[in-house]
Amino acid sequence: MVKVKFKRPFTVLIAIMILVSVTFSLGGCSFKGKSSLETFNVYKDYWQKKDYKNMYSMLCKEAKDKISEKDFIDRYSKIYSGIEANNISINVESTNKNSEKIPFSLTMKTVAGDITVKDYEAPMIKEKVDNKKVWTINWSEKMIFPKMESGDKVRVETIPAKRGQIYDRTRYGLALNDMVITIGVKPVDFNINKEENIKKLAKILDIKPSVIENKLKANSNPEYFVPIVNVSIDRGDIIGESKGIPGVMQKESESRIYQGGEAIGSLIGYVGDITAEELKKLEGQGYSSTSKIGKRGLEQVYESKLRAKDGKFIYISKQKDGVESEKIQIAKTQPKNGEDITLSIDTELQKEIYESMNGEKGASTAINPKTGEVLAMVSSPSFDPNLFTTYVPESIKAKWQKDKNIEFDNRFKTTYAPGSTFKLFTAIAGLEKGSINPSQAINIQGNKWQPNASWGGYKVTRVADPGKPIDLKNAFIYSDNIYFAQQALKMGKDAFIEKAKGIGIGENLPVDYPITKSQISYDNNMKNDIQLADSAYGQGQVLMSPLHIALMYSAVVNKGDMMTPTLQISGNKTPAKVWKKGVISEKNANTLLEDLTAVVDNPVGSAHGVKINGVPLAGKTGTAELKKSIEDTSGEEYGWLVTMNTNNPRMVLVTIIEDVKTKGGSHHVIPMQKKVLEYYFIQRGRS
């Protein structure tokens with residue numbers, strides 16, 4: 001060995017760099033002195049780590065002459081990326097340390113699931129490396145897949161599956177896989193009078209000319225069909241007009257379509273392209289960058305059921321003169337269609353309710369009180385979900401922008417101050433505790449009241465003094481805030497809060513749709529008697545969803561039971577299930593039903609305007625004031641109306657309309673609901 005004496009630090013540094021360089025240059029030859037089996041195990045470890053560079057370093061000279069390092073790395077990278085290969089595990093099936101052919105199998109996760117490929121053989125060859133004989137791998141394409149040869153390609157085909165469809169209770173399709181019309185252009189003809197044709201087509205489609213211009217610029221083949229937009233088949237006006245422009249063509253293509261228009265938008269939602277964030281969140285669940293996914297409403301809620309799982313076919317494409325001549329299967333998974341879903345929703349009722357609300361901000365919910373089936377859940381205003389599977393015209397975009405996108409605020413899942421509709425709860429709590437005697441009249445003087453001076457300047461206010469003592473029935477008829485405030489104070493906050501829990505306030509509603517939880521207060525407590533008194537008539541910090549209010553009222557016509565709300569049904573009958581048993585005794589339920597019937601029947605009743613001859617109804621109005629403080633007189637108001645038929649009860653209907661302060665308060669809601677009730681119970685004969 002030659003000894004080198006370094007006299008200077010700089011010389012030492014150079015020597016170290018040389019040694020490091022030599023070490024790196026021999027990195028790929030770290031298999032010197034190893035048996036063929038030991039050498040392949042090193043190669044196997046690199047393979048499992050997808051370390052293609054070090055794999056290449058272990059190939060024999062003959063293999064390296066056939067494929068460059070760059071092409072080798074690209075070959076593996078592209079194939080494994082294309083089939084989404086991960087978790088590679090190689091099992092050596094030989095114990096012969098110096099075999100020239102080492103059998104093995106390979107297991108990995110792919111886009112087609114977990115696969116195991118057998119019948120591999122690693123051809124080993126001894127050759128000189130740095131004047132020493134070592135084992136190397138005589139690589140060929142068969143080391144990628146056993147039946148692969150030079151020039152072959154590995155491809156993946158998608159076998160499409162169908163997304164599950166959504167139907168209403170009559171099997172009317174709300175979300176279907178059907179055909180749309182793709183309107184596009186053939187540039188060779190369209191471009192003869194390009195500027196004029198763009199202008200005409202943009203006007204018909206109500207889109208910016210730049211949309212068409214950009215799509216034409218992106219196309220390099222004048223004979224190629226350039227798609228511009230998809231439109232629903234029922235848009236005969238657009239389809240017909242666009243046909244008159246030279247070069248405009250139309251093709252059918254499959255898409256998600258929705259029936260029901262704006263009335264179902266917030267309820268059903270729509271599907272769209274998966275985002276990078278969604279893909280990351282759903283990693284490992286079979287989604288890809290090209291997947292469609294439920295974006296809102298029931299399309300999102302039922303995504304796991306509706307979702308279509310495409311099949312995948314991984315194969316070796318045998319090539320002859322640049323043309324595919326044979327497909328050799330590597331792996332294949334069959335497509336799995338999504339599950340069809342039938343809803344309890346009555347689409348015609350849903351549409352009637354939506355139209356009755358005239359685009360005003362609000363929500364409506366209708367349920368069958370005997371079964372808990374949700375017949376309608378409406379948010380107004382809303383959007384047509386077809387716009388998200390076809391395109392959004394400029395005029396619609398402008399409207400949404402002007403409205404500050406209020407069409408996308410889902411109001412039926414939100415909680416609101418329930419106002420006087422909550423007086424039913426106070427009556428239930430008092431009757432069940434025994435603190436309310438329904439026949440006992442209380443002599444209340446004037447329109448303002450407080451128990452004592454400890455309340456300072458705050459007083460409970462009622463609309464009018466009827467000039468006579470008030471019992472429970474008259475308290476409902478006149479919607480008397482003072483009566484219910486006094487009854488809440490009489491029963492005490494503990495009984496009040498406990499009964500609120502008893503009807504599910506503070507719980508998630510047992511329904512598929514994520515409805516906001518109702519609350520008795522922000523902290524489930526009452527800080528003082530003023531808050532308790534205010535809560536008795538639905539102010540304070542009480543918040544309830546329209547669905548929860550419908551369920552509470554349903555107990556009155558259902559012998560005291562609140563049913564489990566149901567959205568998805570199967571077959572003709574879905575077993576009814578009780579959610580809250582006996583929240584009211586049957587005796588007290590009958591008392592309250594009589595009182596709520598009087599609210600509609602009595603000429604001075606707050607809901608008398610909704611009365612329909614021949615259809616026995618019970619109900620309650622409610623006006624909720626939104627105040628920033630006790631002294632605030634400028635707050636907005638919500639108008640509520642709850643109605644239910646009492647002869648063979650079929651429906652409890654709850655409607656809330658926002659911003660009714662200058663429109664007559666809760667009375668603004670009465671004509672809306674009356675129109676719906678007449679449709680449902682008279683036109684359809686379901687009294």
Side-chain angles (χ1 to χ4, degrees), residues 161-178 256-260 263-271 285 292-309 334-353 364-378 385 410 412-413 504 507-515 545-548 550-551 554-555 557-558 561-581 648-653 680 684 686:
K162 301 279 189 182
R163 186 174 178 85
Q165 303 185 117
I166 303 176
Y167 299 91
D168 80 350
R169 64 187 303 110
T170 67
R171 293 293 292 175
Y172 176 76
L174 295 174
L176 302 172
N177 304 314
D178 210 332
R256 195 70 162 174
I257 69 159
Y258 300 95
Q259 299 188 122
I264 66 159
S266 297
L267 176 63
I268 301 298
Y270 55 88
V271 295
Q285 296 184 35
K292 298 283 186 180
I293 192 170
K295 292 291 186 177
R296 286 176 176 264
L298 294 176
E299 287 277 29
Q300 185 178 57
V301 170
Y302 289 132
E303 169 64 21
S304 61
K305 292 182 178 182
L306 294 166
R307 176 189 169 194
K309 296 182 181 178
Q334 294 301 320
K336 186 179 179 183
N337 292 335
E339 177 187 334
D340 288 346
I341 288 174
T342 301
L343 304 177
S344 56
I345 295 296
D346 182 326
T347 304
E348 292 306 312
L349 176 63
Q350 177 98 2
K351 288 161 70 174
E352 192 72 26
I353 292 170
S364 286
T365 298
I367 67 168
N368 183 318
K370 294 293 186 181
T371 66
E373 291 172 304
V374 178
L375 304 175
M377 285 204 296
V378 176
N410 190 334
F412 67 69
K413 74 173 188 178
E507 292 182 40
N508 287 316
L509 295 182
V511 66
D512 293 340
Y513 210 102
I515 305 293
S545 64
L547 177 57
H548 204 162
L551 291 167
S554 72
V557 290
N558 198 34
D561 294 340
M562 289 170 60
M563 307 306 291
T564 299
T566 302
L567 255 178
Q568 186 179 354
I569 60 176
S570 56
N572 295 325
K573 286 190 176 180
T574 298
K577 184 180 176 183
V578 175
W579 177 39
K580 299 293 181 182
K581 180 78 175 172
N648 187 22
R650 298 278 183 178
M651 181 173 69
V652 178
L653 177 60
Y680 195 72
R684 285 175 52 167
R686 302 188 100 179

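Every heavy atom of this structure was used, including side-chain atoms; hydrogens, water molecules and symmetry mates were not.
When the options T365, I353, L349 are evaluated for a side chain to side chain contact (heavy atoms under 4.5 Å, CB included) with L653, the one that passes is I353. Of the listed residues (I264, I569, V374, L375), just one forms a side chain to side chain contact (heavy atoms under 4.5 Å, CB included) with I345, and that residue is V374.
The side-chain heavy atoms of R169 and T342, taken from C-beta on, include no pair separated by under 4.5 Å. Counting heavy atoms from C-beta on, the side chains of N368 and M651 never come closer than 4.5 Å. Put simply, the side chain of N410 reaches to within 4.5 Å of the side chain of Y513, judged on heavy atoms. Side-chain atoms of I166 and E299, non-hydrogen and from C-beta on, do get closer than 4.5 Å to each other. Between E352 and Y680 there is no side-chain heavy-atom pair separated by less than 4.5 Å. L551 is not listed as a side-chain neighbour of M563, based on a closest heavy-atom distance of 4.5 Å or more. By the 4.5 Å heavy-atom criterion applied to side chains, T170 and T347 are not counted as neighbours. Side-chain contact between L267 and L298 is present, with heavy atoms from C-beta onward closer than 4.5 Å.
With sequence neighbours excluded, the residues that form a salt bridge (charged side-chain N to carboxylate O under 4.0 Å, His left out) with K351 are E348. Qualifying side-chain contact (heavy atoms from CB on, under 4.5 Å) partners for E507, counting only residues two or more places apart in sequence or in other chains: W579, K580. In this structure, the side-chain contact (heavy atoms from CB on, under 4.5 Å) partners of N337, at least two apart in sequence or on a different chain, are A161, K162. For D178, the side-chain contact (heavy atoms from CB on, under 4.5 Å) test picks out I257, with sequence neighbours left out. With sequence neighbours excluded, no residue forms a salt bridge (charged side-chain N to carboxylate O under 4.0 Å, His left out) with R307. Shown here are the salt bridge (charged side-chain N to carboxylate O under 4.0 Å, His left out) partners of D512, two or more places apart in sequence or in another chain: there are none.
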Next on the checklist: Evaluate S364 against F412 for side chain to side chain contact (heavy atoms under 4.5 Å, CB included), listing each step before the verdict.
Outcome noted: CA-CA 6 Å; S364 286; F412 67 69; over 6 Å; no
Next on the checklist: I'd like to know whether Q568 forms a side chain to side chain contact (heavy atoms under 4.5 Å, CB included) with V511, so could you lay out the CA-CA distance, the side-chain angles of the two residues, the decisive distance to 0.1 Å, and finally the verdict.
Outcome noted: CA-CA 9 Å; Q568 186 179 354; V511 66; over 6 Å; no
Checklist entry - Can you check side-chain hydrogen bond (donor to acceptor under 3.5 Å, both in side chains) on N177 and R163, steps first, answer last? => result CA-CA 7 Å; N177 304 314; R163 186 174 178 85; over 6 Å; no
Next on the checklist: I341 vs L306, test: side chain to side chain contact (heavy atoms under 4.5 Å, CB included). Steps then yes/no.
Outcome noted: CA-CA 8 Å; I341 288 174; L306 294 166; 3.8 Å; yes
Item to check | Test side chain to side chain contact (heavy atoms under 4.5 Å, CB included) applied to V578 and M562, step by step | outcome: CA-CA 6 Å; V578 175; M562 289 170 60; over 6 Å; no
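L343 contributes atom CG, which lies 7.5 Å from atom CG of D168 (distance to the nearest 0.5 angstrom). In this structure, CG on D340 lies 13.0 Å from OG on S570, to the nearest 0.5 angstrom. Considering CG of N508 and CD1 of I515, their distance stands at 10.5 Å, rounded to 0.5 Å.
Here the side chain of Q300 pairs no donor or acceptor atom with the backbone of G269 at under 3.5 angstrom. A donor-acceptor pair under 3.5 Å is absent between the side-chain atoms of S545 and the main chain of K413, judged by distance alone.
A pairwise comparison of heavy atoms in Y258 and A175 identifies CE2-CB, 3.6 Å as the closest pair. Between V652 and A550 the shortest heavy-atom distance is CG1-O, 3.8 Å. Summarising the geometry of T564 relative to P510, their closest heavy-atom pair is CG2-O, 3.5 Å, with the distance given to 0.1 Å. Here the closest non-hydrogen pair linking L176 and Q165 is CA-OE1, 3.4 Å.
Judged by a 6.0 Å distance limit and a 45° cone about the ring axis, R171 is positioned over the six-membered ring of Y167.
Remark: K370 does not engage D561 in a salt bridge, criterion side-chain N to carboxylate O under 4.0 Å. Ion pair R650/E373 not flagged as a salt bridge, since none of the NZ, NE, NH1 or NH2 atoms sits closer than 4.0 Å to an Asp/Glu carboxylate oxygen.
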